[in-house]
Amino acid sequence: MTTETGSGQMVRALSWKGAFWVAAGVPPLVLFSIGGIAGTTGKLAFVVWIISMIMGFLQSFTYAEMAGMFGNKSGGTSVYGATAWLRYSKLIAPLSVWCNWFAWSPVLSLGCAIAAGYILNALFPIPLAESQPVIDWVTANIASYTAETQSVIDYMAANAGVGVEDAIKAVAATDGVNALTPWFRTWEAFQITVPGLGNLHFNSTFVIGVILMLVILMIQERGIASTASAQKYLAIIVLVPLFLVGLVPILTGSINWMNVTNLVPPTAAYSGVDGEWNIGGWTLFLGGLYIAAWSTYGFETAVCYTRELKDPKTDTFRAIFYSGLLCIVFFFLIPFSFQGVLGQEGMLATGIVDGTGVGEALGNMIGGGPVITQIFVILMIMALFLAIMTAMAGSSRTLYQGSRDGWLPKYLGEVNSHGAPRNAMWTDFTFNVVLLALASDIAGYFYVLAISNVGYILFNFLNLNAGWIHRIDSAHMERPWKAPSWLIGVNTILAFVNALFLGAGAKVWGYSGALLSGLVFAALIVPVFWYRHYLQDGGKFPKEAYDDLGLAYGELGKRKAGMLPYLALIAGALVVLISNWYFVMPDTERMAFGDYLMQPVTWFSSAPTE
């Protein structure tokens, strides 16, 4: 480790404030799924965000303790927790790291997809049907439409009771919008269908998204100090207005309290109609908590940079603690104000659900005119940059440390002259180019989000249990900051609560196979780890991996926790299995448990009706 650049090592150039600023890209993650969670949980949406944020804050204390134990590691809490599992299974440790990476990495593609949407709206807008150019087009072409025009016939067939004149006007207006829409807005070079995954769209969103990712990659090539500096100014520019947007409606009395009272789940996802607390309602509620965790727990990335902190013994706790407080403010305030002002109907608008209309909504919430609204659109793009910068910085370092510890391929463990993990960052970029093609339409966007969150919940389950395993097996190691024992116990319980979210909630997001797809992707670590550990390293981990635990080379030490870690894994698997069976979507009947067990595919999908 060094404080000088050009050494071929990571550089200790960061204070806790720098790590705080790098992690400041987490609060804007609320904007990634604020519409989706409102659609699935209705009036409960802001409560979901608050509960999830409280859980994330409590869990962070376990992560803070583990981070302090490994002042010479990078890559975040998944790396620190993975070492606890090393004695019990060579495979569980890399699984935790892998799951954390494929949960965080897609922020790049998802954020760039939304940012590309904003840029397309700004540079290549789709004209409104009531706009003057469309009206002029209709006036010039409406004479060519008659009752015998096929599109008019089709419209009347689909809209019973509509007269010929009204049908002609509606069809002509639609054709006018299509005719005046810039070609690049709807351009698509081609698409590829991947069985079991979805459609890869190589379109205008994809092209702009790739360019944005390359810009962010170039910034991060200059090292963590440069990244932290850029993040600081971006965060101030973005978070201050975002904070005011959350606060102003409360101070001015713009909150409609009908929108945040009578808290019940909806009758169905995206119905916008109040339902009741039945099994279907609870399933939607747990589905909201499942997807919210992807955003609210994310500030744990503040300890991804321990190896680059000037004083890791004191800086790790400060970085994650103050990052958590920042997130509490935003994850409490923004969803509440959004829902209080917009209501269910407003939250279900297409632009809110897909993220491309959030900037406009932010401007409207404080009563701004067109100029203010455009400023907020620009701020929204900057907020996305902030989140993407955070994700690339953290996920690339997870790959880097996974390589250094002998879990991932060796080439990922190299840094450039600025101490940045270049090969890991380019691997992140390449992976996300594929995901961007998948996320370039709204259906693929939420599919990527649902699958990546399977990995994130798995990582959190393993890591929260790693806290008590470290207490037993690594009691000899120095802990600059030590969490209260009762809080380690509470967080162990929360590990199983997260397993409940995974089993019950993954199915909610419109993809019955999301859980199975996520588990299949998690299983890809098996060949990756086998290649590194057995082919490249001959069945032993690098010496530094043993040194970190105070163990002799080649010795993993005594398993002081006995069977307890294995029992925790079995219990977690049972919670996922039973909750996936028990909780079903609204208006869906639950299968008999015996029938459910006889059909393994249904373990990971929405239970069909009998």
Do any side-chain atoms of residues 239-250 form donor-acceptor pairs under 3.5 angstrom with protein atoms, and if so which ones, sequence neighbours left out?
none

Quiz item: Any side-chain donor-acceptor pair under 3.5 Å between Gln231 and Thr390?
Solution: yes
Practice problem: Ignoring hydrogens and angles, state whether a donor on the side chain of Gln344 or Asp274 is under 3.5 Å from an acceptor on the partner side chain. | Solution: yes
Quiz item: Between Leu44 and Val264, is any pair of side-chain heavy atoms under 4.5 Å apart?
Solution: no
Quiz item: Would you say Val30 and Pro335 make side-chain contact, with heavy atoms under 4.5 Å?
Solution: yes
Quiz item: With no hydrogens and no angle check, is any side-chain donor or acceptor of Lys43 less than 3.5 Å from a backbone partner on Pro266?
Solution: no
Self-check item: Shortest non-hydrogen contact between Ala24 and Ala235, atoms and distance
Solution: CB-CB, 3.8 Å
Quiz item: Are Phe285 and Trp277 close enough, and set up right, to give a ring pair (Phe, Tyr, Trp, His ring centres under 6.0 Å), and what steps lead you there?
Solution: CA-CA 9 Å; Phe285 179 64; Trp277 285 104; 5.5 Å; yes
Quiz item: Is the number of heavy atoms from other residues, nucleotides or ligands within 6.0 Å of CD (Glu165) greater than 12?
Solution: no
Quiz item: Of the non-hydrogen atoms in Phe184 and Phe124, which two are nearest, and what is the gap between them?
Solution: CD2-CE1, 3.6 Å
Practice problem: Measure from the side-chain N and O atoms of Asn203 to the backbone N and O of Phe206, and report whether any donor-acceptor pair falls under 3.5 Å. | Solution: yes
Exercise. Side-chain contact test, heavy atoms from C-beta onward, threshold under 4.5 Å: evaluate it for Asn141 versus Asp175 and give yes or no.
Key: no
Practice problem: Could you walk me through whether Leu362 and Leu379 pass the side-chain contact (heavy atoms from CB on, under 4.5 Å) test, one step at a time? | Solution: CA-CA 10 Å; Leu362 290 173; Leu379 287 174; over 6 Å; no
Quiz prompt | Ser396 side chain to Asp428 side chain, donor-acceptor N/O pair below 3.5 angstrom | solution = no
Quiz item: Are the side chains of Ile381 and Phe376 in touch, meaning some heavy atoms are under 4.5 Å apart?
Solution: no
Exercise. Please assess Tyr290 against Val454 for the test side-chain contact (heavy atoms from CB on, under 4.5 Å), listing each intermediate value before the final yes or no.
Key: CA-CA 9 Å; Tyr290 164 75; Val454 172; 3.3 Å; yes
Quiz prompt | Check: Thr149/Ser151 side-chain N/O donor and acceptor closer than 3.5 Å | solution = no
Self-check item: Nearest heavy atoms of Val358 and Tyr118, plus distance in Å
Solution: N-OH, 3.1 Å
Quiz item: With side chains defined as the heavy atoms from C-beta onward, is the minimum distance between Leu212 and Phe385 less than 4.5 Å?
Solution: yes
Exercise. State, yes or no, whether a side-chain contact exists between Arg185 and Asn121 at a heavy-atom distance under 4.5 Å.
Key: yes
Self-check item: Heavy-atom neighbours of Gln220 CD exceed 12 at 6.0 Å
Solution: yes
Quiz item: Can you tell me how far CE of Met380 sits from CG of Leu31, rounded to the nearest 0.5 angstrom?
Solution: 4.0 Å
Quiz prompt | Value rounded to 0.5 Å, distance of OG in Ser395 from CG in Asn432 | solution = 7.5 Å
Quiz item: Within the distance-only criterion (no hydrogens, no angle test), does the side chain of Thr193 pair as donor or acceptor with the backbone N or O of Asn199 below 3.5 angstrom?
Solution: no
Quiz item: Minimum heavy-atom separation for Thr205 to Ala116, with atom names?
Solution: O-CB, 3.6 Å
Quiz item: More than 12 non-hydrogen atoms from neighbouring residues, nucleotides or ligands closer than 6.0 Å to OH on Tyr233, yes or no?
Solution: no
Self-check item: Check: Val48 main-chain N/O paired with Ser52 side-chain donor or acceptor under 3.5 Å
Solution: no
Quiz prompt | Output field: ring centroids Trp101/Phe431 closer than 6.0 Å | solution = yes
Quiz item: Within a strict 4.5 Å, meaning less than it, do heavy atoms of the Pro28 and Leu384 side chains meet?
Solution: no
Quiz prompt | CD1 on Ile34 to CG on Leu342, rounded to 0.5 Å | solution = 8.0 Å
Quiz item: If we ignore angles and hydrogens, is there a donor and acceptor under 3.5 Å between the side chains of Asn416 and Arg222?
Solution: no
Quiz item: Just wondering, are more than 12 heavy atoms of other shown residues or ligands nearer than 6.0 Å to CE in Met218?
Solution: yes
Quiz item: Counting distance only, does the side-chain N/O of Thr139 pair as donor-acceptor with the main-chain N or O of Ile135 below 3.5 Å?
Solution: yes
Quiz item: With a cut-off of 6.0 Å (strictly less than), are more than 12 heavy atoms of other residues, nucleotides or ligands near CD of Gln132?
Solution: yes
Exercise. Report the relative orientation of the aromatic rings in Phe459 and Tyr456; use parallel for angles under 30°, tilted for 30 to 60°, perpendicular for over 60°.
Key: tilted
Quiz item: Hey, are Gln339 and Trp49 close enough side-chain-wise for a donor-acceptor pair under 3.5 Å?
Solution: no
Self-check item: Distance-minimising heavy-atom pair for Asn580 and Lys507
Solution: O-NZ, 2.6 Å
Quiz item: Can you find a pair of side-chain heavy atoms, one from Asn100 and one from Glu300, that are under 4.5 Å apart?
Solution: yes
Quiz prompt | Thr267 side chain vs Gly275 backbone, donor-acceptor pair below 3.5 Å | solution = no
Quiz item: Nearest heavy-atom pair of Pro27 and Leu326: which atoms, and what distance?
Solution: CG-CD2, 3.9 Å
Exercise. Verify the ring-centre separation between Trp257 and Phe336: is it less than 6.0 angstrom?
Key: yes
Quiz item: Okay, side chain of Tyr297, backbone of Ile457: is any donor-acceptor separation there less than 3.5 Å?
Solution: no
